[in-house]
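In what follows, a structure is listed as structure tokens, so that the remarks can point back to it.
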Amino acid sequence: MMDRAALQVILLGMFLMSATSDPVKKKKNVDIYSFYINSTVTSRYATTVITSRVANTLNESQEIQFEVKIPKNAFISKFRMTIEGKTYDGVVKEKEAAQQQYNQAVSRGQSAGLVKSVGRTLEDFKTSVTVSAFSKVTFELTYEELLKRRLGKYELLINAQPMQPVTDFKIDVHIQEKPGISFLEVKGDLSIGDLANAIKTTRADKDAWVTFYPTQDQQTKCKSCGENGLNGDLLITYDVERQNPKGEIMVSKGYFVHYFAPSDVPRISKNVVFIIDRSGSMHGRKIKQTRLALLKILSDLDEDDHFGLITFDSEVSLWKRELLKATEANLENAKSFVKEIRDRGATDINAAVLAGVDMINRHPREGTASILILLTDGDPTTGETNKEKIMSNVKEAIGTKFPLYCLGFGYDVNFDFLTKMSLENSGVARRIYEDSDADLQLQGFYEEVAVPLLTDIQLKYPGGTNLTKTSFSLYFNGSEIVVSGQITDNSVESFTTEVIAVSKGNNVMYQDTIMTKDPSDVPPENEDFMQRLWAYLTVKQLLERQVLLKGQEKEEEKKEAIKLSLKYQFVTPLTSMVVTKPQEGEVEVADKPKEEEESPILPATGFSQQHHSVGAPFYHPGVQYSVLSAAPSVLIQPRYDIGAPPDHPVLHEYRVLSDTAASKSSFVPVPLPVAEEETDTLGLYQRPTRPEIVLVPVTMSAPTVHRGSNRFLLPVVGQSKPLCFDVPLPHKLRLLQDSASEFSMNGESLTGQNGFNQIDLHYKTNHHLTIKTTSIRYHDGQNQVEFLWGQELTQNNTEGVSLILRSNEIDVTMGNIHIVILLHKEKRNMFLWPAVRTRPKDVSLTGVLGEPDISYDEIQGTQTPTLKLKDQEVKTSLVMVKDYRLASAPVVGCWLVPFQALTQQELSDFTITQL
């Protein structure tokens with residue numbers, strides 16, 4: 001008891017310490033007097049330098065923070081701090097070497113993580129340093145990236161959020177492109193309203209300059225700005241002239257780069273199969289947005305395209321067995337099918353993808369391009385669930401004939417698995433962010449692959465060595481193929497490129513030669529850009545291949561990637577930047593976040609204050625969260641715990657509080673109304689002094705495992721969060737009943753156990769199905785059949801009753817009611833859980849699970865979360881519970897309401913004496 005109290009005091013102390021170093025609170029004592037962002041783009045390779053000069057105006061030392069956001073695709077290549085004339089440089093080291101310093105820093109109680117992932121496109125670099133009274137510090141961060149061409153344009157993204165209005169604020173961008181710039185546009189939050197007047201664009205034949213010099217006044221008056229100054233993005237989009245279909249070749253100091261993007265070839269008609277996950281986890285907005293996107297995509301198909309639609313859960317459904325031509329009639333029929341896609345069941349990715357491969361293989365069309373597009377939001381949970389086996393099956397079936405593109409919907413998808421499966425089959429994986437524009441994200445991806453122009457592209461460079469990737473399965477209109485390498489003989493006077501590809505079934509060849517001795521258009525200060533471009537692209541591709549390689553070959557490529565990363569000082573997933581600060585050698589370590597780490601990492605030393613908007617997810621070590629809803633308070637939903645056993649993950653619950661000006665005190669303790677047995681309360685601290693969202697620790701709890709009750713989930717019309725309610729144990733319940741068809745389902749539960757130990761289903765007078773955790777018995781009035789859990793796939797059909805037994809679930813259809821009973825195993829306990837999959841709309845069902853589709857509204861402005869439910873105001877709380885209606889039993893958030901408020905009946909109305 002004493003240790004626990006001490007832990008609470010320590011954690012509280014940590015949190016208060018982190019809060020008192022808040023940069024915004026101290027902004028009057030910290031003057032960012034200069035903030036420059038300088039970005040130079042030479043032949044699509046962008047080098048951006050952010051320089052912030054800050055003064056401590058206090059007459060005592062204080063901690064000053066530097067925080068900037070950079071594009072995810074970029075590598076940090078330099079960071080330095082200059083304090084009182086002394087410079088402290090970050091040094092890039094191999095990750096293992098840096099890890100020792102990281103661990104030492106953590107053991108000393110110092111913060112160690114500098115870089116975290118935020119949102120879709122940006123990473124956050126954040127550090128701090130103690131500065132003496134009336135002294136200054138200069139922070140300088142450099143990052144590099146090769147701009148990728150998508151939909152006919154390059155995008156240079158620059159984020160500015162200095163946290164206060166700055167007297168001397170400048171963004172300077174210089175773009176230099178040898179073939180000339182065909183168009184240039186400045187967009188983003190910082191280009192609208194008053195700030196539009198601060199932007200100046202200058203164009204020449206091969207150069208463009210964009211400057212952004214807002215006044216201090218302008219920095220506070222734009223839409224996304226406020227008293228904390230600028231907060232937003234500047235997005236510069238452009239493309240280059242493309243007069244030479246053979247591409248653009250540049251040579252400099254023994255290196256070359258070849259940009260290949262012909263547009264003078266006819267489009268190839270395509271065969272595209274969409275494989276759509278309709279499992280239960282796609283419920284709500286995900287499936288709705290998928291339908292919207294598919295309807296738009298179908299409208300954009302060309303008439304000579306052929307297409308197929310496959311939906312899957314635990315079963316695979318083909319709209320049509322064969323690919324159909326995209327005629328107006330076929331498209332209208334397909335849209336009708338799409339509108340009826342509903343979520344249900346588990347996730348059989350293996351069977352679904354193999355069905356898509358088979359559909360294309362059975363309908364080969366000469367001179368066309370075939371594409372498979374898989375959209376899923378989860379792991380394989382039924383059928384073949386071994387991911388290595390699935391990848392092997394898919395790779396063998398496709399056999400390099402066409403690419404597989406995997407779109408991972410949301411944060412709980414296994415993105416590593418999708419990435420590897422895509423790369424093994426010449427495709428790419430793309431995360432679709434669970435947001436209001438998810439349908440537009442899906443459409444945007446499709447547009448990138450909508451117009452294939454060439455297939456089987458091979459690029460050859462006689463006299464070239466150490467080449468980046470030279471073989472590509474497809475080239476799409478609006479994209480670009482980039483190859484870089486070294487020239488074996490620097491004394492040669494010319495350099496030749498050769499591209500061989502297939503266009504509409506015919507071989508085509510592009511050959512070009514340039515003179516290497518021609519004077520370069522590259523200014524002297526950028527002369528090494530091509531070498532760095534080659535290194536950047538090589539490292540990116542080596543890292544990509546790491547996913548696929550094994551054994552010695554993987555080790556060798558890893559060593560090569562580390563060698564290049566260290567030589568060019570790139571912070572990559574294999575390297576870290578070690579920053580030694582002046583305070584007694586304090587060390588911080590900057591790592592490159594992995595793609596699946598879509599959220600910032602909180603320091604390992606305790607809880608710290610974070611600022612997030614609704615929809616922003618974040619991590620506590622090993623746990624992923626995402627914001628569920630806004631004011632008056634915002635709960636963070638735990639998604640999974642990496643380190644805990646799958647049957648009982650330890651989850652950390654957080655709350656985001658919207659501040660008010662009610663009090664000037666630093667922190668005010670607020671009690672948290674939660675059930676005692678569910679939560680180990682650490683305390684809730686509200687800071688009511690700033691109009692910003694503050695994350696503070698609330699509780700550390702497991703998902704609710706109720707030994708005293710069963711917690712049921714009910715889907716809700718038009719809402720992302722379901723309702724849930726508790727039914728005490730033990731009991732015998734009427735779960736579902738339809739008197740008209742003489743159908744009923746009853747369940748029995750025992751004290752101290754989850755779920756049900758027995759579920760009985762009755763249909764008409766002669767059909768009786770008894771399901772126990774050990775066996776299943778079915779009697780049709782004459783014959784009795786017995787099944788065992790875990791036996792091979794078994795089917796039984798008699799007189800309107802269908803039974804399908806899969807390893808740990810039995811699929812039951814009686815008349816027009818479809819139910820799945822799942823067998824769950826948690827530790828040593830086994831229990832049953834019913835899931836209603838299909839309930840007839842014209843039938844009045846009763847029972848605990850008989851409540852028809854209901855709706856509710858959240859009432860805003862109440863101190864305690866309140867719902868309007870069946871014309872009544874109902875006090876509620878957002879709780880975490882395992883959804884046993886799915887085999888994977890994901891943890892979800894639900895509004896907990898009283899049973900009587902939901903059913904408007906007493907529990908005794910549903911209890912029975914006989915199953």
Side-chain angles (χ1 to χ4, degrees), residues 283-285 614 626-638 653-658 670-679 681 684 686 698-699 701 703-706 708-729 731 733-736 749 833-836 839 844-885 890-911:
H283 177 74
R285 190 162 70 169
V614 173
S626 66
V627 179
L628 296 178
S629 63
S633 64
V634 181
L635 279 177
I636 311 303
Q637 178 187 2
E653 184 181 335
Y654 278 71
R655 177 172 291 186
V656 182
L657 297 173
S658 300
V670 179
L672 180 68
V674 290
E676 185 178 341
E677 72 272 14
E678 295 171 19
T679 305
T681 304
L684 170 61
Q686 180 176 6
V698 179
T699 64
S701 64
T704 50
V705 178
H706 303 278
S709 63
N710 273 328
R711 180 160 288 176
F712 293 90
L713 283 158
L714 272 184
V716 176
V717 178
Q719 298 282 1
S720 60
K721 289 189 288 297
L723 296 174
C724 51
F725 60 91
D726 289 340
V727 175
L729 299 173
H731 50 232
L733 291 178
R734 178 175 293 109
L735 296 173
L736 202 64
S749 59
W833 199 272
V836 182
R839 57 176 79 217
S844 178
L845 295 172
T846 58
V848 171
L849 301 180
E851 191 68 27
D853 289 342
I854 57 176
S855 61
Y856 65 79
D857 292 311
E858 294 180 40
I859 299 175
Q860 302 297 327
T862 56
Q863 188 170 2
T864 304
T866 306
L867 305 180
K868 187 171 184 181
L869 178 65
K870 293 190 173 182
D871 296 323
Q872 291 183 328
E873 290 191 6
V874 179
K875 301 294 184 187
T876 184
S877 59
L878 188 60
V879 298
M880 309 314 301
V881 64
K882 285 190 175 185
D883 188 352
Y884 292 118
R885 299 171 304 171
V891 177
V892 299
C894 61
W895 292 119
L896 181 62
V897 296
F899 178 77
Q900 290 82 356
L902 187 67
T903 61
Q904 297 184 342
Q905 297 183 68
E906 294 299 320
L907 181 61
S908 58
D909 297 331
F910 300 94
T911 56

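Position 1 is the first residue of the sequence, and the numbers go up from there.
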| Counting N and O atoms only, with roles assigned by atom type, does the side chain of S709 sit under 3.5 Å from a partner on the main chain of D726, one being a donor and the other an acceptor? | no

| said: Between C724 and V897, is there a side-chain heavy-atom distance shorter than 4.5 Å? | reply: no

| task | Identify, with sequence neighbours excluded, every residue that meets side chain to side chain donor-acceptor pair (under 3.5 Å) alongside K868. | result | none

| message | As an exercise, state the distance from OH of Y856 to CG of L714, rounded to the nearest 0.5 Å. | response | 11.5 Å

| Any side-chain heavy-atom pair of R885 and L713 under 4.5 Å | yes

| field | Distance, nearest 0.5 Å, that separates CG of L845 from CG of L736 | value | 5.0 Å

| said: Can you give me the closest heavy-atom contact between P865 and W895, atom names plus distance? | reply: CB-CZ3, 3.8 Å

| task | Mind checking side chain to side chain donor-acceptor pair (under 3.5 Å) for R285 and listing every partner two or more places apart, or none if nothing turns up? | result | none

| message | In the structure I gave you, are the side-chain heavy atoms of L907 and P728 within less than 4.5 Å of one another anywhere? | response | yes

| field | D883 vs V891 side-chain heavy atoms within contact, under 4.5 Å | value | no

| Under a 4.5 Å cut-off applied to non-hydrogen side-chain atoms, are V848 and R734 in contact? | no

| note | All heavy atoms of L878 vs all of K721, minimum pair found to be CD1-CD, 3.6 Å

| said: Minimum heavy-atom separation for P834 and L849, please, with both atom names. | reply: CG-CD1, 3.8 Å

| task | Answer yes or no: is there a side-chain heavy-atom contact under 4.5 Å between Q900 and Q905? | result | no

| message | Run the side-chain contact (heavy atoms from CB on, under 4.5 Å) test on V892 and M880 for me, step by step, so that the C-alpha distance in whole Å, both residues' side-chain angles and the decisive distance to 0.1 Å come before the verdict. | response | CA-CA 6 Å; V892 299; M880 309 314 301; 5.7 Å; no

| request: Begin with the C-alpha distance, continue with both residues' side-chain angles, and end with the deciding distance and a verdict on side-chain contact (heavy atoms from CB on, under 4.5 Å) for W833 and N710. | output: CA-CA 10 Å; W833 199 272; N710 273 328; 3.7 Å; yes

| Residue list, ring pair (Phe, Tyr, Trp, His ring centres under 6.0 Å) with F725, at least two apart or on another chain | F712, F899

| said: Any non-hydrogen side-chain atom of V874 less than 4.5 Å from a side-chain atom of T866? | reply: no

| query | What closest approach, in Å, do K870 and L902 show between heavy atoms, and which atom pair accounts for it? | reply | NZ-O, 2.7 Å

| query | Do H731 and L729 touch side chain to side chain, with heavy atoms closer than 4.5 Å? | reply | yes

| Checking side-chain contact (heavy atoms from CB on, under 4.5 Å) against L869, which of D857, T876, L723 comes through? | L723

